[in-house]
Amino acid sequence: MKKSVIENVKNSVRELSAYTLKDYEYDLKMNQNENPYDVPADIKKEILEYALERSWSRYPTFIPFALHDKLAEYSGWRADGILAGNGSNEIIQALMAIFLGPGDKIVLPSPTFTVYGLVARVLEAEVVNVPLNPDMSFDCDALEEAFLGDEKAKVLVICSPNNPTGTLYPLDRLEALLQKTDRAVVVDEAYYEFSKVSAVDMLERYDNLVVLRTFSKAFSFAAMRFGYGLMSPELATEVGKAKLPYNIDFFSEAAAMKLIDNRDRLQAGIDELIEERDRILPLMNVLDGVKAYPSRANFILFETKRPPAEIFDALLADGILVRNVSSYPMLGKALRVSVSTPSDNDRFLASLKKALG
Ligand code: PMP
């Protein structure tokens with residue numbers, strides 16, 4: 001009797017539940033921390049014109065040096081320590097692949113961005129979850145203890161600001177930690193342009209530090225998939241071995257360069273999103289039974305007196321899609337809303353108020 005091929009899939013994979021996102025009908029999309037402002041039409045046009053001229057039958061650049069130079073100029077880190085990825089997700093995967101295998105551990109705050117735990121488990125590594133403090137700040141002492149106290153813990157990941165909480169990891173605590181270890185510390189700064197706080201200055205002093213960034217949020221580029229990692233040139237060489245060749249298609253390469261050149265044009269929108277975040281947070285907190293947590297990202301985590309599924313449904317009935325994060329550890333009462341334009345945010349506030357009765 002023939003067996004199913006599925007039986008040969010690694011147990012570490014079969015045990016996982018897939019990372020999914022359900023499709024909903026909506027009018028306002030406030031569920032994925034995207035930028036509500038699209039790339040300006042004239043910039044899109046220039047990129048498309050280049051795409052029309054350039055041959056599609058030829059591979060993209062093997063190592064996109066010109067792009068690395070531009071990312072170096074933007075980030076302030078050396079070009080030979082930069083790796084571009086098909087979304088920062090790809091760099092996450094390559095990083096985990098070079099550090100983790102069966103018997104290794106990864107230390108993660110909990111809750112945090114789920115892709116880290118997922119990739120680590122596919123690699124048969126053990127995930128050590130360190131709960132956040134009740135106010136959603138990082139428990140720095142517990143994270144240090146879990147990481148430094150266990151030689152098998154090969155990687156510590158800190159998303160700062162954290163997703164889905166919006167909290168920062170204090171830079172002084174990060175530096176103190178880096179002084180005590182030579183194992184890899186990954187700081188995911190996907191929301192850096194909204195927090196304006198970065199560990200990039202520490203890269204020079206600590207060759208075990210990796211900083212990740214993405215174009216999916218502030219740069220309005222989620223549709224194209226582009227992110228990058230900053231690290232020592234020696235480590236970049238190793239991570240590069242686990243990355244697929246030609247991972248950046250020519251279109252994303254050209255567009256990312258154009259966006260860096262035109263970043264001033266995107267800045268007003270980013271500034272407005274920061275202002276809007278700080279405007280709506282107190283307005284959410286005065287609503288009856290709402291607790292919204294301070295955020296340094298472009299989203300806000302909030303709890304209400306009604307069950308999150310009911311709030312989610314009530315908002316969706318008004319055409320507003322947010323993220324129900326109540327299945328995350330510690331977040332049984334919580335939802336997450338991405339900050340949008342002033343009028344979208346006002347609509348969200350009105351609908352939330354109505355949902356609360
Ligand atoms: N890191 C964090 C903390 C994120 O929130 C996200 C996106 N949700 C990513 C990485 C992935 O970004 P990308 O689109 O570049 O793969």
Side-chain angles (χ1 to χ4, degrees), residues 19-22 29-36 39 67 71 74-75 82-97 106-120 132 136 138 155-169 174 185-195 197-199 210-231 239 243-244 247-249 251-253 255-256 259-260 273 277 293 295-301 321-325 328 331 334-340:
Y19 181 76
T20 55
L21 207 62
K22 231 172 114 178
K29 191 168 189 305
M30 302 173 86
N31 67 330
Q32 280 192 289
N33 310 336
E34 296 145 317
N35 195 326
V39 171
L67 174 58
L71 289 168
Y74 174 64
S75 67
I82 296 179
L83 279 181
N86 192 300
S88 57
N89 278 337
E90 194 204 15
I91 306 291
I92 293 172
Q93 190 178 40
L95 265 170
M96 300 298 112
I106 177 173
V107 175
L108 296 173
S110 173
T112 195
F113 184 46
T114 47
V115 166
Y116 287 97
L118 205 68
V119 173
L132 302 176
M136 303 300 165
F138 290 101
V155 188
L156 166 68
V157 178
I158 296 162
C159 298
S160 184
N162 190 33
N163 179 9
T165 55
T167 20
L168 283 174
Y169 198 90
L174 176 67
V185 176
V186 176
V187 177
D188 184 333
E189 296 183 352
Y191 303 95
Y192 156 70
E193 285 82 3
F194 303 104
S195 76
V197 174
S198 178
V210 177
V211 176
L212 298 181
R213 299 264 186 89
T214 179
F215 271 37
S216 298
K217 315 294 174 184
F219 277 91
S220 301
F221 203 54
M224 301 300 167
R225 314 305 300 126
F226 186 77
Y228 58 103
L230 311 170
M231 63 205 86
V239 181
K243 202 173 60 66
L244 296 177
N247 59 331
I248 308 292
D249 61 84
F251 192 92
S252 294
E253 179 187 356
L259 288 179
I260 297 172
L273 290 170
R277 174 193 71 201
Y293 289 86
S295 167
R296 294 297 298 270
N298 64 337
F299 54 82
I300 294 172
L301 181 80
L321 181 62
V322 298
R323 185 83 177 256
N324 180 352
V325 290
Y328 283 60
L331 304 186
L335 300 111
R336 188 193 68 193
V337 62
S338 311
V339 178
S340 188

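Just follow the structure's listing: the first ligand is 1, and inside any ligand the first atom is 1. Because the structure is predicted, anything quoted here is derived from the model rather than measured.
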K.L.:
Identify the two heavy atoms, one from P111 and one from Y328, that lie closest to each other, and give their separation to 0.1 Å.
P.N.:
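Closest heavy-atom pair between P111 and Y328: CB-CD2, 3.6 Å.
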K.L.:
Could you check whether the rings of Y191 and F194 sit parallel, tilted or perpendicular, using 30° and 60° as the cut-offs?
P.N.:
tilted
K.L.:
For ligand 1, which part of N89 has a heavy atom less than 4.0 Å away: the side chain, the backbone, both, or neither?
P.N.:
both
K.L.:
Heavy atoms only, cut-off 4.0 Å: how does Q32 contact ligand 1, side chain, backbone, both, or neither?
P.N.:
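Under 4.0 Å from ligand 1, Q32 contributes no heavy atoms.
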K.L.:
Within ligand 1, which atoms have a heavy atom of T214 less than 4.0 Å away?
P.N.:
12 (O), 13 (P), 14 (O), 15 (O)
K.L.:
When you measure from atom 4 (C) of ligand 1 to every protein heavy atom, which one gives the shortest distance, and what is it?
P.N.:
Y191 OH, 3.7 Å
K.L.:
For ligand 1, indicate whether the residue K217 contacts it via side chain, backbone, both or neither (heavy-atom separation under 4.0 Å).
P.N.:
side chain
K.L.:
Looking only at heavy atoms, what is the nearest atom pair of R277 and I300, with distance?
P.N.:
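Scanning both residues, the minimum pair turns out to be O-CD1, 3.9 Å.
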K.L.:
Is any N or O atom of S216, backbone or side chain, closer than 3.5 Å to an N or O atom of ligand 1?
P.N.:
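Yes, since at least one N or O of S216 sits under 3.5 Å from an N or O of ligand 1.
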K.L.:
Check each atom of ligand 1 against the heavy atoms of G87 and keep those under 4.0 Å away; list them by number with element.
P.N.:
15 (O), 16 (O)
K.L.:
Is there a donor-acceptor contact under 3.5 Å linking the side chains of R336 and N163?
P.N.:
yes
K.L.:
Where does S88 meet ligand 1, judged by heavy-atom distances below 4.0 Å: at the side chain, the backbone, both, or neither?
P.N.:
both
K.L.:
Give the minimum heavy-atom separation between A190 and K217, together with the two atoms involved.
P.N.:
O-CG, 3.7 Å
K.L.:
Can you establish whether the number of heavy atoms outside Q93 located under 6.0 Å from its atom CD is more than 12?
P.N.:
no
